[in-house]
Amino acid sequence: MLTRSLSLGVAMAAVMLGAVSAQAETVLKASHQFPGGKGDIRDEMVQLIAREVEAANVDLKIQVFPGSSLYKPNDQWNALTRGLLDLTSFPLDYASGRHPEFSATLMPGLVGNFDRAVRLNDSPFMADIKKVIEDQGAMVIADAWLSGAFASKKGCITSPETINGQVIRAAGPAFEEMLAAAGASISSMPSSEIYSGMQTGVLDAANTSSASFVSYRLFEQAKCLTAPGENALWFMYEPVLLSKQTYDKLTPEQQKALLDAGEKAEVYFNEEVRKGDQVMIDAYRKAGVEVVEMSKADYDAWLEIAKQSAYKNFAEKVEGGDKLIEKALAVE
């Protein structure tokens, strides 16, 4: 009888210990708008962070909600900065309505190529951007710049004249201003809604990241793709952001695990992102979509329109906007 009582006591103690351990584990929620498990590099970054954090054995786990399943794309910034959301992969320009400085992270022709994007990450330009992020209650744990393309159901978009009369989705105010100045009509929406927009005839064309062009299967709606090529007009900053409220509640060991995981995700991103343009081109050619690139003359023509519209408006309407652009242009 005594042996049985001891066995029961040991079993109950084990159950109670397991319950305490389960309660001690901190679970964070990560949200993003991109398809989960489909190879989208932004989803892969967040999943990598989740795996690395769990492997660190610091009683910390990240539950990932892809495909806008927890928050709608444009709601993530507010949720993150209020401490309602812990982690997100976020196209920063989506929050430019609240913080117009963020439009500089999707300014036509400002980045140009991946090497320059990496240099921008540690520049005074990005220090200013990250200060705005931090002042609002968030922090960058992994930098990410994605190149982008144009696609149309009507015809190839190359020179500014080719956009005239088309309804296009642009990712942010700066591109919208440039495209409108060239004669396009603008329909604003997150990248997750482009497919249905093109399918239903709301959109004739769109520009978005190379990763989104693949993961959202936009080749099923496009007639022609304008790939970034050597004259990449479109680059967008889409970092992994962490709520500062969340970070401050974690133990030092958990904080370190998260930051270390963010560094690994950034290294992974920088190794894989350069392959993305070719993956996109291959997917569109396989689907029978015509693929073209802008010439240097096309690029220069677009840049001139951008300077007279997006750049000019940013300098005039955003406090310190002219200085911010100067800092970006100063990066070699």
Side-chain angles (χ1 to χ4, degrees), residues 34 40-42 45 89-96 101-130 133 140 142-151 157-158 168-179 190-191 194 206-215 225-241 266 269-281 293-294 296 298-307 309-311 314 321 324-332:
F34 312 109
D40 188 294
I41 194 169
R42 293 154 296 191
M45 286 181 78
S89 172
F90 186 71
L92 193 65
D93 194 52
Y94 281 18
S96 61
E101 302 94 331
F102 292 166
S103 284
T105 63
L106 184 57
M107 190 65 67
L110 196 65
V111 180
N113 57 66
F114 287 113
D115 289 335
R116 191 163 185 277
V118 172
R119 294 194 295 273
L120 278 172
N121 287 335
D122 298 316
S123 70
F125 164 73
M126 283 306 297
D128 288 353
I129 295 294
K130 289 179 180 179
I133 294 173
V140 176
D143 290 305
W145 289 89
L146 283 90
S147 60
F150 292 78
I157 299 171
T158 50
I168 185 169
R169 177 268 186 185
F175 261 85
E176 289 179 352
E177 290 164 356
M178 179 192 71
L179 291 163
S191 57
I194 293 175
N207 65 0
T208 189
S209 69
S210 297
S212 290
F213 267 115
V214 176
S215 60
L225 174 80
T226 307
E230 296 182 2
N231 301 295
L233 195 64
W234 198 103
F235 264 86
M236 188 176 193
Y237 185 56
E238 304 186 28
V240 178
L241 301 174
E266 185 174 322
F269 176 87
N270 288 332
E271 290 174 350
E272 295 296 317
V273 70
R274 297 167 190 261
K275 305 173 186 177
D277 290 347
Q278 191 59 51
V279 170
M280 174 184 65
I281 290 169
E293 294 179 4
M294 287 185 186
K296 184 61 166 59
D298 293 333
Y299 175 88
D300 289 342
W302 277 112
L303 196 56
E304 187 58 36
I305 292 175
K307 288 177 178 178
S309 55
Y311 281 65
F314 188 83
L324 192 59
I325 293 297
E326 285 177 12
K327 289 180 180 180
L329 294 174
V331 177
E332 297 296 331

Give the intermediate values and the outcome of side chain to side chain contact (heavy atoms under 4.5 Å, CB included) for residues Phe269 and Leu146. CA-CA 10 Å; Phe269 176 87; Leu146 283 90; 3.8 Å; yes
Check: Ser96 main-chain N/O paired with Asp93 side-chain donor or acceptor under 3.5 Å: no
Provide the closest heavy-atom pair for Met45 versus Ala142 in the form atom of the first, atom of the second, distance. CE-CB, 3.7 Å
Please say whether more than 12 non-hydrogen atoms of neighbouring residues, nucleotides or ligands are located less than 6.0 Å from CD in Gln278. yes
For the residue pair Phe150 and Leu233, establish whether any side-chain heavy-atom pair is separated by less than 4.5 Å. yes
Over all heavy atoms of both residues, which pair between Ala149 and Leu225 is shortest? Give the atoms and the distance, please. CB-CD1, 3.9 Å
I need the minimum non-hydrogen distance between Pro228 and Met280, along with the two atoms involved. CD-CE, 3.6 Å
Separation between CG of Leu329 and CG of Leu324, rounded to the nearest 0.5 Å: 10.0 Å
With Trp145 as partner, the option from Tyr237, Trp234, Phe114 fulfilling ring pair (Phe, Tyr, Trp, His ring centres under 6.0 Å) is Tyr237
For the residue pair Phe213 and Ala206, what are the closest heavy atoms and their distance? CZ-O, 3.7 Å
Could you check Lys275 against Glu272 for salt bridge (charged side-chain N to carboxylate O under 4.0 Å, His left out), going step by step and ending with a plain yes or no? CA-CA 6 Å; Lys275 305 173 186 177; Glu272 295 296 317; 3.2 Å; yes
Side chains of Asp277 and Ser210: is there a donor and an acceptor less than 3.5 Å apart? yes
Can you tell me how far OG of Ser89 sits from CZ of Phe34, rounded to the nearest 0.5 angstrom? 4.5 Å
So OG of Ser215 and CD1 of Ile41: to nearest 0.5 Å the spacing works out to 11.0 Å
Approximate separation, where rounding is to 0.5 Å, of Phe314 CZ and Glu101 CD: 7.0 Å
Is any side-chain heavy atom of Asp298 closer than 4.5 Å to a side-chain heavy atom of Asn231? no
Between Val240 and Val140, is any pair of side-chain heavy atoms under 4.5 Å apart? no
From Met294 CE over to Glu230 CD, what is the distance, rounded to the nearest 0.5 angstrom? 14.0 Å
Is the side chain of Ser103 donor-acceptor paired with the backbone N or O of Ala174 at a distance under 3.5 Å, no angle test? no
So do Tyr94 and Ser191 actually touch side chain to side chain, heavy atoms under 4.5 Å? yes
Check whether any side-chain heavy atom of Arg42 lies under 4.5 Å from a side-chain heavy atom of Pro91, and answer yes or no. no
If you measure from OG on Ser212 to CG on Asp40, what distance do you get to the nearest 0.5 Å? 6.0 Å
Are any non-hydrogen side-chain atoms of Phe235 and Leu110 less than 4.5 angstrom apart? no
Are side-chain heavy atoms of Ser209 and Met236 found at a separation under 4.5 Å? no
Looking only at heavy atoms, what is the nearest atom pair of Ala170 and Glu176, with distance? CB-CG, 3.6 Å
Check side-chain hydrogen bond (donor to acceptor under 3.5 Å, both in side chains) between Asn207 and all other residues, then give those that pass, not counting sequence neighbours. none
Using every non-hydrogen atom in the two residues, find where Ala310 and Glu177 come nearest and quote the distance to one decimal. CA-OE1, 3.2 Å
Quick one: does Trp302's side chain get under 4.5 Å of Pro108's, heavy atoms only? no
Listed by chain and number, what are the ring-ring contact (aromatic ring centres under 6.0 Å, His included) partners of Phe125, not counting sequence neighbours? none
Could you tell me which residues satisfy salt bridge (Lys or Arg N to Asp or Glu O under 4.0 Å) with Asp143, sequence neighbours excluded, listed by chain and number? Lys130
Should the pair Arg119-Asp115 be classified as a salt bridge under the 4.0 Å nitrogen-to-oxygen rule? no
